Amino acid sequence: MRLYRLTPSPELDGLRLCEEPVPQPGPREVLVKIHAASLNRRDVMIATGGFRHAIASGLIPASDAAGEIVALGEGVGRVALGERVCGAFYPTWLSGPAQQADGTHGLGGGSPGVLAEYRVFHEDAVVRFPAHLTYQQAATLPCAALTAWNALFGGPALRAGECVLILGTGGVSIFALQFAKAAGAETIVASSSDAKLARLAAIGPTHTINYRTAPKWDRAARDLTSGLGVDHVVDVVGGETLGRSILAAHFGGQVHMVGAQPFDGFDPRLILLRNVAVRGVMVGSRAMFEAMNRTIALHAIAPVISATVPFENAPDAYRLMDAADHFGKIVITVA
Ligand SMILES: NC(=O)c1ccc[n+]([C@@H]2O[C@H](COP(=O)([O-])OP(=O)(O)OC[C@H]3O[C@@H](n4cnc5c(N)ncnc54)[C@H](OP(=O)(O)O)[C@@H]3O)[C@@H](O)[C@H]2O)c1
């Protein structure tokens with residue numbers, strides 16, 4: 001089979017296309033023929049050596065894939081041959097609160113990734129995806145969609161009629177918009193680009209803000225909520241942005257911290273002064289993935305795909321992600 005192996009390099013030229021034997025499933029494992037993968041910002045950080053954890057040399061990169069179960073190891077009972085599944089981002093985090101160790105096993109980081117024609121998963125670490133989705137669409141779910149889901153519903157949950165401010169129009173952000181709309185919330189999206197905000201019209205945010213032309217976007221968000229502030233903010237950036245996210249939230253609101261840019265210049269006293277809850281989000285558990293899939297099926301949500309790149313050109317997909325001009329997700333078709 002063909003697969004990629006990675007040696008991190010600041011020039012983003014460390015992906016090697018290799019040929020290796022198809023792995024065989026052991027007890028309670030399944031062999032998945034991968035049809036599509038997708039990229040997240042984390043994959044570029046890992047490929048350029050900018051990730052916070054050490055990466056094994058020759059790592060199989062990327063966390064997100066969808067495929068079909070084509071062989072079963074001894075004792076598999078949870079899933080069946082022919083089922084269409086995604087791999088779970090954290091293979092050991094099945095339900096309940098995450099344990100610290102779960103966070104060290106993320107696919108394509110602490111554990112081997114999915115940019116391969118076949119991959120073996122433990123039967124507990126795969127999730128069936130909704131029937132209306134193609135493999136390409138399903139490949140966008142394991143990290144970006146689940147992170148958006150966990151932000152909005154994994155803690156104190158968003159309720160119908162509440163207002164959510166979502167930063168950006170990338171992978172996590174567009175899923176957050178789709179889920180917030182499905183939940184009956186008022187939505188505000190802030191982007192650097194009027195063209196991207198115009199494209200969002202098809203999904204229908206209630207309000208939009210260009211954070212370049214309105215650098216005090218926290219104030220703009222408060223103005224849109226009669227001066228009160230929003231109930232939830234999904235902050236995919238971090239750093240100084242977190243301060244503005246807190247100021248955009250109403251007194252006692254929720255700020256979901258998804259991005260982790262360096263926090264120089266951020267004054268933590270804002271958390272107390274605005275009495276907000278800032279919640280760190282770590283992708284999500286398998287149970288959250290299953291709950292999210294029920295919502296995606298019920299509302300026939302279609303993931304937004306910005307570009308689709310063939311497997312043999314996967315490095316081009318990384319360059320597109322690095323360029324950060326995309327809208328939604330970047331997908332790699334595997335077979
Ligand atoms: N904690 C977790 O578990 C977790 C999971 C997934 C992702 N993440 C993090 O979440 C972030 C988004 O990931 P992704 O895969 O969705 O990346 P992505 O597709 O590249 O999206 C990045 C988004 O950030 C927006 N953005 C950049 N600078 C901004 C700023 N100053 N203010 C507002 N928005 C800004 C961009 O919006 P416009 O182009 O519209 O301006 C773009 O939509 C990354 O930092 C990633 O590391 C964390």
Side-chain angles (χ1 to χ4, degrees), residues 38-48 50-53 62-64 89-90 93 98 102-103 106-109 140-152 154-155 165-178 188-200 203 205 208-218 220-221 233-245 248 255-263 265-266 278-285 288-289 303-307 317-331:
S38 83
L39 293 185
N40 298 286
R41 182 123 312 269
R42 166 183 179 266
D43 297 314
V44 171
M45 293 178 199
I46 290 172
T48 53
F51 196 50
R52 61 186 184 282
H53 300 302
S63 57
D64 293 10
F89 185 95
Y90 289 122
W93 186 16
D102 294 323
L107 302 189
T140 66
L141 303 180
C143 179
L146 188 54
T147 301
W149 175 270
N150 184 357
L152 294 175
L165 169 63
I166 297 159
L167 304 185
T169 57
V172 174
S173 310
I174 291 187
F175 277 117
L177 172 61
Q178 291 173 308
I188 305 172
V189 178
S191 169
S192 57
S193 154
D194 285 340
K196 289 183 181 181
L197 290 174
R199 286 180 73 182
L200 276 186
I203 306 173
T208 59
I209 299 170
N210 184 320
Y211 63 78
R212 288 261 161 79
T213 55
K216 293 184 177 163
W217 46 266
D218 51 317
V233 184
V234 179
D235 187 331
V236 300
V237 186
E240 288 178 26
T241 297
L242 186 62
R244 285 203 186 277
S245 291
V255 177
H256 308 284
M257 195 183 137
V258 172
Q261 281 185 13
F263 284 83
F266 168 66
V278 177
R279 177 170 171 262
V281 176
M282 188 180 108
V283 192
S285 66
M288 289 181 199
F289 200 158
V304 173
I305 295 175
S306 178
Y318 275 75
R319 283 187 277 273
L320 280 177
M321 191 79 199
D322 190 37
D325 281 335
H326 59 282
F327 177 85
K329 294 294 297 175
I330 295 170
V331 168

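Remember, it's 1-based here, ligands and their atoms both numbered in the order they're listed. Quick note: residue numbers are just sequence positions, from 1. As the structure is a prediction and not an experimental result, all values here were calculated from the model.
- With hydrogens and angles disregarded, no donor-acceptor distance shorter than 3.5 Å links the side chain of Lys216 to the backbone of Arg244.
- Among protein heavy atoms, atom 45 (O) of ligand 1 sits closest to Val236 O, 3.3 Å.
- Listed by atom number, the atoms of ligand 1 under 4.0 Å from Val172 heavy atoms are 6 (C), 7 (C), 13 (O), 16 (O).
- Ring geometry, Phe266 versus Phe263: the interplanar angle exceeds 60°, so the pair is classed perpendicular (tilted spans 30 to 60°).
- The protein atom (non-hydrogen) at minimum distance from atom 39 (O) of ligand 1 is Lys196 NZ, 2.8 Å.
- Taking a cut-off of under 4.0 Å to the non-hydrogen atoms of Ser191, the atoms of ligand 1 that pass are 38 (P), 40 (O), 41 (O).
- For Thr140, the side-chain contact (heavy atoms from CB on, under 4.5 Å) partners are Ser38, Phe175, Pro303, Ile305, Lys329, Val331, not counting sequence neighbours.
- Between the side chain of Arg41 and the backbone N or O of Met321 there is at least one donor-acceptor pair closer than 3.5 Å.
- Numbered from 1 in the order shown, with element, the atoms of ligand 1 that lie under 4.0 Å from a heavy atom of Ser192 read 38 (P), 39 (O), 40 (O), 41 (O).
- Between Ala324 and ligand 1, a contact under 3.5 Å exists for no N or O pair.
- The protein heavy-atom contact nearest to atom 3 (O) of ligand 1 is Val283 N, 2.8 Å.
- Using a non-hydrogen distance threshold of 4.0 Å, Ser193 does not register as a contact of ligand 1.
- Of all protein heavy atoms, the one closest to atom 21 (O) of ligand 1 is Gly170 CA, 3.4 Å.
- With a 4.5 Å cut-off on side-chain heavy atoms, Trp217 and Leu167 count as touching.
- Within the 4.0 Å heavy-atom shell around ligand 1 one finds Met321.
- Scanning the protein heavy atoms around atom 2 (C) of ligand 1, the nearest turns out to be Val281 O, 3.4 Å.
- Of all non-hydrogen atoms in Asp64 and Cys143, the two that sit nearest each other are OD2-N, 3.1 Å.
- When each atom of ligand 1 is checked for a heavy atom of Val258 under 4.0 Å away, the hits are 1 (N), 2 (C), 4 (C), 8 (N), 9 (C), 10 (O), 48 (C).
- Checked against a 3.5 angstrom limit, the closest N/O atoms of Arg42 and ligand 1 fall outside it.
- Using a 4.5 Å heavy-atom threshold, the side chains of Val44 and Leu39 count as separate.
- What sits closest to atom 15 (O) of ligand 1 on the protein, heavy atoms only, is Arg41 N, 3.2 Å.
- Among the atoms of Gly259, none of the N or O lies under 3.5 angstrom from an N or O of ligand 1.
- Here the closest heavy-atom approach between residue Arg212 and residue Ser192 is recorded as NH1-CB, 3.4 Å.
- Not one N or O on the side chain of Asn150 forms a donor-acceptor pair closer than 3.5 Å with the backbone of Thr147.
- Within ligand 1, counting atoms from 1 as listed, the ones closer than 4.0 Å to a heavy atom of Met282 are 3 (O).
- Residues Ser173 and Gly168 share a closest heavy-atom pair of CB-O, 3.0 Å.
- Only the side chain of Cys143 comes within 4.0 Å of ligand 1, counting heavy atoms alone; its backbone N, CA, C and O stay farther away.
- Residue, atom and distance of the protein heavy atom nearest to atom 25 (C) of ligand 1 are Gly168 CA, 3.8 Å.
- With respect to Gln261, the side-chain contact (heavy atoms from CB on, under 4.5 Å) criterion is satisfied by exactly one of Val237, Asp235, Val236: Val237.
- In this structure, the side chain of Thr208 does not engage the main chain of Val189 through any donor-acceptor pair within 3.5 Å.
- Those atoms of ligand 1 with a heavy atom of Met45 less than 4.0 angstrom away are 47 (O).
- The protein atom (non-hydrogen) at minimum distance from atom 26 (N) of ligand 1 is Tyr211 OH, 3.5 Å.
- Residue-ligand proximity: His326 is placed with a non-hydrogen atom under 4.0 Å from ligand 1.
- Looking only at side-chain heavy atoms (C-beta outward), His326 and Leu320 stay at 4.5 Å or farther from each other.
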